[in-house]
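Worksheet: the structure to be examined is printed underneath.
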Amino acid sequence: MTLVPDDRLLEGLNPQQREAVLYRGQSLLIVAGAGSGKTSVLTRRIAGLLQTREAWPSQVLAITFTNKAAAEMRERVGALIGREEAEGMWISTFHSACVRILRREAENFGFTKSFTIYDSADSRALIKRIIKELDADTLGFTVSGVAGKISKAKNELSDVESYARGANFNDPNEAGFVEIFRRYTESLARANAFDFDDLIAQTVYLFRAFPAVAALYQRRFRHILVDEYQDTNHAQYALIRELTRGIAPEHVPADTRMATSADGGIPGASLTVVGDSDQSIYAFRGADIRNIVEFERDFPNSRVILLEQNYRSTQNILDAANAVISNNFDRKDKKLFTTIGSGDKIIGFTGYSGHDEAQFVADEIQKLHDEGVAYKDIAVFYRTNAQTRALEEIFIRSALPYRVLGGTKFYERAEIKDAMAYLITVANPFDPLALRRVMNVPKRGIGPATEAALQSYADANQVTLRDAMRDASLLGLGPKVTGAITGLAQILDEVSATAGTAKVSDILVTLLQRTGFIEALRASRDPQDEARAENVEELVSVTKEFQRNNPEGTLLDFLTEVSLVAAADDLDDSSGTVSLMTLHTAKGLEYEAVFLTGVEEGLLPHQMSASEVGGPAEERRLFYVGITRARRRLFLSLAMTRAQFGEVNVAMPSRYLQEIPADLIEWKQSPGDATSRGGTQPRALNARRPQFSYASSFSELPAAPPRVKTEWANRVTNTVRDNGDLTLAAGDRIRHVDFGDGRVTAVTGAGPKSVAEVQFDTAGRKRLLIKIAPIEKL
DNA sequence: GTGACACCTATTTTT
DNA sequence: TAGGTGTCAC
């Protein structure tokens with residue numbers, strides 16, 4: 001046995017990285033600038049611990065930000081030291097790790113292991129119900145306001161009781177909130193459910209209330225590593241503290257084979273955290289930057305290692321990033337550098353509208369692709385999800401293969417939620433939220449009145465809604481409804497009985513068939529229901545896929561996995577498509593070429609951030625994160641006007657643009673040029689366009705961009721059309737609404753997906769999806 | 001209980 | 001714009 005890992009683990013590392021891999025001590029903070037190879041360092045550090053037998057795999061707990069990052073880390077450690085050698089490590093997100101612990105331990109405090117995880121939508125639905133019950137909306141309580149406050153409290157480890165202790169009950173707002181919070185907590189407990197924030201907070205409570213349980217995990221995890229430490233919130237911090245606490249002698253089993261300290265206890269686990277306070281972008285979700293800033297104070301005798309050399313981007317990109325972030329005061333100075341060379345200049349572009357901007361992005365992507373950059377190495381970032389609309393429209397028209405990350409819309413579809421609610425009901429019979437959702441799907445004649453009758457029976461007899469359904473015959477309802485209710489209850493009970501053992505897809509198919517769910521969709525004359533039926537079938541495929549990957553996986557495992565997927569998790573490296581995502585989702589990723597769109601006041605920084613403490617600084621970090629994702633090519637774009645809520649507003653360049661040294665950016669079309677270009681934009685706008693030039697727009701940024709309503713609001717977005725069976729062949733002349741006349745040079749693909757390559761007389765070469773492009777044959 | 005329709009309002013980021 | 005809510009007739 002040797003304590004020095006073999007050379008392969010240290011190969012190609014710089015001295016700081018090397019030290020970060022080799023350091024052995026109780027606590028280590030690795031301050032890792034963007035692109036400084038921290039994943040590499042982390043994986044090699046873990047691999048080293050295992051290789052030297054300082055740790056067994058089961059003694060390692062590594063926390064990552066997304067499931068995808070976890071999978072990648074597992075893979076990379078496996079590649080370094082052998083897959084079997086690496087088995088048994090816990091590498092997961094905070095939430096997944098806590099679910100794993102809670103499923104084992106929930107019975108300690110009144111939950112069953114089949115608890116439901118309420119996602120934000122579920123939480124909001126419950127809060128909405130409570131607000132309605134209490135008529136609290138008349139007092140000014142909103143769902144989002146209450147949800148935010150509850151989440152914040154839980155992230156600070158404050159439950160209703162402790163919150164109430166500090167509350168001022170003379171203030172009706174305060175008193176009302178406490179009442180809602182109390183009912184919310186009770187409802188969750190009755191439903192055998194945890195919300196996202198509970199997963200962390202309840203695990204902390206569990207450890208604090210049951211030291212023997214805590215000791216189990218403290219003994220097990222001897223090496224804890226946390227990535228993206230700057231984005232941990234207080235609850236997560238507390239969890240780490242609990243896990244790394246030493247074990248008191250009375251909780252050490254007599255037959256322990258572990259080294260004990262003088263008093264017979266066991267010292268705490270070693271802790272490695274990796275982070276970069278410049279990339280902290282989740283304060284809005286409770287992330288507390290102090291966790292990383294005060295690490296050295298929290299964990300005395302800790303070592304701090306700085307990684308500043310960047311292996312990802314060109315110097316121009318890094319210079320821009322450094323320049324921007326240096327405007328945040330109150331930060332430790334850190335400058336990224338590289339030996340790659342300065343590289344291409346950053347390209348800037350100002351469009352007239354979001355569509356114009358999107359067209360620029362599409363054109364440049366096409367050019368990059370022609371130069372040999374694969375689509376999968378290109379990403380488009382934006383601040384808000386709403387910005388995808390214009391991008392998608394243009395991308396579809398240009399026949400660009402793309403995929404939108406996040407907005408995991410599949411699971412948000414009503415029919416999928418319904419089908420999932422069936423699964424949840426079967427797994428957790430205590431959950432009324434899921435049951436209520438499916439009670440009348442497909443239509444069984446169980447309306448609000450019947451539901452209320454069931455609910456009051458349940459309340460009066462202190463039983464669950466599910467129990468009440470079994471007793472429906474006692475309620476004096478009509479025979480038809482009664483039959484429908486007891487029939488459903490019976491199906492659910494029978495399927496529930498198999499939930500622990502049966503295959504997930506079998507459970508789902510049985511439910512869909514026996515409840516008549518799928519049949520109702522197929523029999524419907526609403527054409528949309530056909531698509532819905534297909535979606536539900538897609539869900540069946542998803543369960544089958546899940547079972548293939550997890551032969552032992554239970555229904556609970558499936559439900560957990562679905563609840564905890566992160567936006568970045570559905571990134572598929574083999575997809576061959578351009579990736580579209582929010583700046584938040586982009587964290588931790590990197591691309592050959594990056595398009596950062598909507599660099600405008602009001603969007604980046606976002607309007608909403610202006611009123612928040614630290615808002616503008618956090619937005620700047622977001623911009624910084626976006627810039628540093630790019631390896632070689634960076635495009636910054638904005639639009640002069642942006643359609644929003646059916647209105648068109650004038651937008652101003654973002655203040656952050658002027659923080660980038662001018663010589664780093666080459667403007668293809670600067671905000672100044674954009675005001676004077678003639679051409680395709682409507683006259684109405686031309687006439688009233690405010691005259692601001694590039695230079696002056698920076699020196700006199702208004703606090704909020706002026707809102708100008710124009711009459712062509714609807715014109716731009718109404719572009720999706722159908723050319724029917726229009727067929728084109730090379731050589732045809734066509735006319736395009738925006739690009740004018742051109743000649744078709746090639747046609748590829750078939751049917752509705754055929755694409756024409758067109759050389760326009762003035763607008764250059766474009767690819768167009770024939771079916772929907774605004775073109776006519778000449 | 002259901003479905004159609006009109007009206008109103010809320011718009012950041014996410015595990 | 002779009003989604004959610006409320007009202008009304010059947």
Side-chain angles (χ1 to χ4, degrees), chain A residues 63-70 92-99 117-121 123-125 128 132 137 142-145 147-148 151 154-155 194-201 228 231-233 235-236 280-287 381-387 389-390 405-408 412 414 440 442-452 477-478 480-481 484 526 560-569 581-587 598 602-612 615 618-619 621-623 625-626 643-649 713-714 716-718:
Chain A
I63 301 288
T64 57
F65 204 67
T66 62
N67 296 299
K68 180 170 183 284
S92 71
T93 62
F94 269 108
H95 289 83
S96 304
C98 287
V99 170
I117 301 165
Y118 277 14
D119 65 19
S120 335
S123 299
R124 296 171 70 94
K128 192 170 176 182
K132 222 172 191 168
D137 46 347
T142 63
V143 174
S144 54
S151 173
K154 290 188 177 185
N155 285 332
F194 294 115
D195 66 20
F196 275 141
D197 302 312
D198 280 338
L199 295 177
I200 316 288
E228 308 285 6
D231 281 322
T232 51
N233 60 34
Q236 291 165 334
S280 156
I281 54 174
Y282 281 101
F284 73 92
R285 191 169 97 184
F381 302 157
Y382 37 83
R383 176 67 236 267
T384 69
N385 284 116
Q387 288 167 256
R389 251 173 238 151
L405 271 78
T408 325
E412 282 163 22
N440 203 27
K443 301 250 176 307
R444 302 186 172 90
I446 310 177
T450 310
E451 190 196 302
L477 298 163
K480 232 171 121 187
V481 199
D526 181 348
T560 305
E561 189 174 300
V562 171
S563 326
L564 297 181
V565 286
D569 289 338
M581 70 192 86
T582 65
L583 282 164
H584 284 87
T585 302
K587 191 174 77 156
L603 215 44
L604 188 70
H606 196 277
Q607 261 155 356
M608 294 298 184
S609 71
S611 54
E612 285 159 23
E618 176 146 317
E619 298 284 306
R621 291 195 291 269
L622 203 46
F623 187 46
V625 165
Q644 214 184 178
F645 322 136
E647 272 182 18
V648 173
N649 297 311
N714 300 320
V716 214
T717 48
N718 260 340

Under-4.0 Å side-chain N/O to phosphate OP1/OP2 contact, [X] with [N]:
| X | N | result |
| --- | --- | --- |
| Asn440(A) | dG1(B) | no |
| Asn67(A) | dT15(B) | no |
| Thr450(A) | dG1(B) | yes |
| Ser144(A) | dA10(B) | no |

Round to the nearest Å and state the distance from [X] atom [atom1] to [N] atom [atom2].
| X | N | atom1 | atom2 | result |
| --- | --- | --- | --- | --- |
| Arg383(A) | dT11(B) | CZ | P | 14 Å |
| Asn649(A) | dT1(C) | CG | C1' | 13 Å |
| Glu228(A) | dT13(B) | CD | C1' | 15 Å |
| Phe284(A) | dT15(B) | CZ | P | 9 Å |
| His606(A) | dT12(B) | NE2 | P | 6 Å |
| Leu199(A) | dT14(B) | CG | P | 19 Å |
| Glu412(A) | dG4(C) | CD | P | 11 Å |
| Asn233(A) | dT15(B) | CG | C1' | 10 Å |

Under 3.5 Å, is there a donor-acceptor pair linking the side chains of Thr585(A) and Thr582(A)? yes
With no hydrogens and no angle check, do the side chains of Asp119(A) and Ser563(A) hold a donor and an acceptor under 3.5 Å apart? no
So which one's nearest nucleotide on DNA chain B is more toward 5', Leu622(A) or Lys443(A)? Lys443(A)
What nucleotide, of [options], holds the atom closest to the side chain of [X]?
| X | options | result |
| --- | --- | --- |
| His584(A) | dT15(B), dT14(B), dG4(C) | dT14(B) |
| Lys128(A) | dG4(C), dT14(B), dG6(C) | dG4(C) |
| Arg389(A) | dT13(B), dT15(B), dA2(C) | dA2(C) |

At 4.0 Å (heavy atoms only), tell me whether [X] reaches a base, stays on the sugar-phosphate, or touches nothing.
| X | answer |
| --- | --- |
| Ala449(A) | sugar-phosphate |
| Tyr282(A) | sugar-phosphate |
| Ser120(A) | base |
| Asp119(A) | nothing |

Carboxylate-amine/guanidinium proximity below 4.0 Å for Lys587(A) and Asp231(A): yes
Tyr282(A) ring center near Phe65(A) ring center (under 6.0 Å): yes
Step through it carefully: locate the ring centre of Phe381(A), locate the ring centre of His584(A), and say whether they are under 6.0 Å apart. no
